[in-house]
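To start, the structure under review is shown below, and the notes come after it.
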Amino acid sequence: MVFYQKTYDIIVVGAGHAGCEAALAAARMGCSVLLMAIDLDKLASMPCSPSIGGMAKGQLVKEIDALGGEMAKITDKTAIQYRTLNTKRGPAVQSSRTQNDKIMYHTAMKTVVEKTANLDLKQAMVEKLVVENNSVIGVEDITGFGYHANNVVLATGTFLSGLIHIGFNSMKAGRAGEFASYGLPEDLKNLGFRLGRMKTGTPPRLRKTSIDFSQFTKLESDREPKPFSFFTKKVSMPQLPSYIGHTDRKGHEIVRKNLERSALYGGVIQGVSARYCPSFEDKIVKFPERVRHQVILEPEGLETEEIYASGLGNSMPLEVQVEFVRSVKGLEQAEIMRPAYAVEYDYVNPIQLNPTLETKSVSGLFFAGQINGTSGYEEAAAQGMWAGINAACRVQKRSPFILDRSQAYMGVMIDDLVTRGTREPYRMFTSRAEYRLMLREDNADLRLMETGYDLGLISKDVLKDLKEKKKQVSREIKRVKSIVISPDEKVNEYLRKKGSALIKNGVYLDQLLKRNELDYDFVESLAGSPHPIEKEVIRQVEIEIKYEGYINRQLKEIDKFKNLEKIRIPIDFDFKNVHGLSNELREKFTEIKPASLGQASRIDGITPAAISVLMIAIKAAMGKR
């Protein structure tokens with residue numbers, strides 16, 4: 001095999017959302033990086049919904065941004081609709097979501113990647129890893145040409161043994177019209193990795209001029225769109241609406257009559273589907289009592305006729321798709337520009353990874369994105385950044401980059417994956433984060449920017465601004481807590497208008513602000529700050545005061561969590577010799593190799609009694625050292 005004359009620190013295979021964030025993070029940290037893609041015209045492609053964020057996903061994007069990643073910045077350059085979800089609920093579960101121009105998103109990200117120092121970009125299909133003595137030393141492409149690097153990040157998306165299904169017609173492809181990789185998954189099996197099979201899909205794209213939008217309910221962008229990135233000062237893109245409609249019994253009957261012709265129910269698909277994002281066939285079978293299902297028509301860009309028909313995803317033959325789509329009110333004349341399809345692909349169960357996302361069996365090899373059994377652009381991008389940073393840390397002989405469950409949604413996701421693994425497509429939810437009140441979208445910068453600075457991904461000027469923001473938040477909280485409000489006529493009149501209980505004695509201002517019906521306008525009306533305060537600071541102050549009791553309770557829970565995490569398990573600890581554990585538990589511990597007692601406690605099937613036994617064994621082992 002002939003090798004390219006240049007040796008890289010890191011090679012990233014796959015240029016989707018995971019690959020781009022991995023390559024950018026590593027290059028910005030000063031490593032020489034090669035990013036390889038099967039098709040450079042599909043870099044950072046959005047093959048499913050051209051949207052970013054959503055429930056819990058928005059938090060991931062904010063965290064990527066706070067650490068110095070690119071996704072949120074590109075989102076703001078290309079977003080054609082902004083919406084904040086769950087605004088009627090508490091700040092812990094509020095999330096941002098955008099609809100994006102998918103061509104602009106790809107172009108903007110490609111421009112950033114191409115202009116980044118230390119980063120080369122090449123079109124090639126990687127077919128094999130070059131491994132010596134259980135350490136990766138490079139990759140080999142489909143032509144037999146090799147590239148040297150002692151660190152490789154695989155971010156292969158749905159391309160490992162990718163198979164697309166439209167009815168009983170199947171095509172080898174990672175996405176519609178794109179080659180799949182069949183050599184690389186075989187190579188991974190030969191290296192000893194255990195692969196599984198998953199399935200995802202995408203709905204049809206409809207021609208805009210063939211839709212009667214008057215039959216749908218218009219859903220506008222937020223009146224005052226809030227940028228996704230902490231670094232974006234103003235939203236400048238034109239904003240477009242989406243449209244909400246519903247299916248009916250007629251369409252359900254069409255699908256029901258043709259179930260056996262679908263790839264999913266006709267026995268063609270073997271991969272595991274996501275429970276939370278079912279295809280339409282699944283909805284009909286699993287929710288037979290439902291007389292209608294929601295359909296959301298979302299624009300795919302400013303200059304395209306294509307409309308993304310969210311809710312109509314299926315794996316039916318095309319003639320059935322046409323009949324089914326046209327059964328929806330307003331879509332009677334709809335033209336399908338791209339049919340819906342299902343795609344199956346290989347993944348590697350992530351319990352074969354360390355918390356850095358480096359594989360346990362091959363040194364220097366990292367996995368990120370859908371190869372780890374996850375779904376979604378945001379989950380992929382977060383893993384890509386995590387793997388890219390850790391690959392760079394390995395090159396630079398720095399301590400690994402690890403965020404725990406109390407520090408970030410990223411930490412929750414990685415811990416879930418490497419501790420529990422997954423047998424179905426993993427998606428981030430706010431319910432997965434036990435400390436979600438501390439892991440809000442709005443405080444991602446306060447939580448993570450200093451870490452980004454330490455990694456070399458955040459500038460000194462940004463860090464200076466962050467410290468000033470923290471200072472302002474602290475100062476304003478202290479001020480509000482020190483002010484006593486007297487029960488005069490002006491105060492009680494304000495309270496009366498807000499439907500709030502009147503006061504008869506002096507009350508500290510922070511106690512009044514804790515009332516649900518009062519917001520920061522109350523503070524500004526009766527005891528405004530002598531200094532100008534930015535909206536972001538006001539939001540932090542209001543949340544910190546209103547939720548003070550809940551926050552203090554969660555901080556105590558985090559202390560307990562940290563105590564278990566502090567009890568580290570030696571890397572060479574032999575779980576097989578721990579007396580008092582069943583053979584099944586010994587096998588689980590040996591396979592996963594938890595790094596701490598805390599991680600051990602989160603492994604599926606592990607009991608409190610088993611943790612007590614393990615703690616005694618660890619202390620005994622440490623005492624002998």
Side-chain angles (χ1 to χ4, degrees), residues 8-12 18 21-33 63-64 66-69 118 134-136 149-153 350 352-368 372 382-419 439 444-460 462-463 466 558-559 561-573 592-600 602 618 622 625:
Y8 293 92
D9 291 323
I10 300 165
I11 292 174
V12 179
E21 293 293 351
L24 288 170
R28 288 166 174 171
M29 288 174 69
C31 296
S32 60
V33 180
E63 290 176 356
I64 292 167
L67 287 167
N118 307 316
N134 296 322
S135 295
V136 69
N150 290 328
N151 297 274
V152 173
V153 178
Q352 297 168 82
L353 306 177
N354 291 310
T356 57
L357 295 185
E358 183 180 12
T359 67
K360 294 173 181 176
S361 58
V362 179
S363 298
L365 178 61
F366 298 78
F367 294 163
N372 290 336
Q383 290 173 73
M385 187 176 203
W386 189 288
I389 290 172
N390 275 303
C393 287
R394 188 172 185 271
V395 170
Q396 297 166 354
K397 295 180 169 55
R398 298 171 61 170
S399 298
F401 165 74
I402 304 287
L403 298 172
D404 67 39
R405 300 180 74 89
S406 70
Q407 294 174 296
Y409 268 78
M410 278 188 190
V412 173
M413 174 176 63
I414 301 300
D415 184 64
D416 281 349
L417 292 172
V418 303
T419 303
L439 308 181
D445 57 338
L446 302 177
R447 290 187 279 120
L448 298 175
M449 268 190 184
E450 288 187 54
T451 300
Y453 173 77
D454 292 339
L455 292 167
L457 299 173
I458 293 292
S459 71
K460 186 175 290 187
V462 170
L463 182 66
L466 176 74
I558 289 173
D559 283 341
F561 161 77
K562 295 279 190 183
N563 288 334
L564 278 179
E565 295 300 306
K566 287 177 184 175
I567 302 176
R568 310 302 292 176
I569 301 176
I571 194 167
D572 58 350
F573 185 80
I592 296 171
K593 295 179 181 176
S596 69
L597 201 62
Q599 186 185 1
R602 294 188 294 276
I618 292 169
M622 295 299 289
R625 293 179 180 235

Practice task
Applying side chain to side chain contact (heavy atoms under 4.5 Å, CB included) between R602 and each of I592, D416, D415, L564, report the one that passes.
Solution key: D415

Exercise for the section: Applying side chain to side chain contact (heavy atoms under 4.5 Å, CB included) between P350 and each of T359, L417, L357, report the one that passes. Expected result: L417

Counting distance only, does the side-chain N/O of [X] pair as donor-acceptor with the main-chain N or O of [Y] below 3.5 Å?
X: R394; Y: N150; answer: yes
X: Q396; Y: M29; answer: yes
X: W386; Y: P355; answer: yes
X: E63; Y: M410; answer: yes
X: S32; Y: D9; answer: yes
X: R28; Y: G456; answer: no
X: N151; Y: I10; answer: no

Exercise for the section: For the residue pair V153 and V12, establish whether any side-chain heavy-atom pair is separated by less than 4.5 Å. Expected result: yes

Exercise for the section: Decide yes or no for L466 and L446: does some side-chain heavy atom of the first lie under 4.5 Å from some side-chain heavy atom of the second? Expected result: yes

I need the [X] [atom1] to [Y] [atom2] distance, nearest 0.5 Å.
X: I567; Y: Q599; atom1: CD1; atom2: CD; answer: 14.0 Å
X: N134; Y: L365; atom1: CG; atom2: CG; answer: 11.5 Å
X: I389; Y: T356; atom1: CD1; atom2: OG1; answer: 12.0 Å
X: L463; Y: I458; atom1: CG; atom2: CD1; answer: 9.0 Å
X: S399; Y: D454; atom1: OG; atom2: CG; answer: 11.5 Å
X: I414; Y: N354; atom1: CD1; atom2: CG; answer: 12.0 Å

Problem - Derivation and outcome, side chain to side chain contact (heavy atoms under 4.5 Å, CB included), residues V362 and V152 - result: CA-CA 10 Å; V362 179; V152 173; over 6 Å; no

Which atom pair, heavy atoms only, marks the closest approach of [X] to [Y]?
X: A600; Y: I569; answer: CB-CD1, 4.4 Å
X: R447; Y: Q407; answer: NH1-O, 2.9 Å
X: S596; Y: R568; answer: CB-NH1, 3.5 Å
X: A66; Y: A444; answer: CB-O, 3.4 Å
X: L67; Y: L457; answer: O-CB, 3.1 Å
X: T451; Y: F401; answer: CG2-CE1, 4.0 Å

Practice task
Decide side chain to side chain contact (heavy atoms under 4.5 Å, CB included) for F573 and I618; before the verdict, give the C-alpha distance in whole Å, the side-chain angles of both, and the deciding distance to 0.1 Å.
Solution key: CA-CA 8 Å; F573 185 80; I618 292 169; 4.2 Å; yes

Practice task
For the pair R405 and E565, find out whether any cationic side-chain nitrogen is under 4.0 Å from an anionic carboxylate oxygen.
Solution key: no

Problem - Verdict with reasoning, E358 to N390, per side chain to side chain contact (heavy atoms under 4.5 Å, CB included) - result: CA-CA 8 Å; E358 183 180 12; N390 275 303; over 6 Å; no

Handout entry: Polar side chain donor-acceptor pair, D404 to S406, under 3.5 angstrom
Key = yes

Problem - Within 6.0 Å of NZ in K360, more than 12 heavy atoms from elsewhere - result: yes

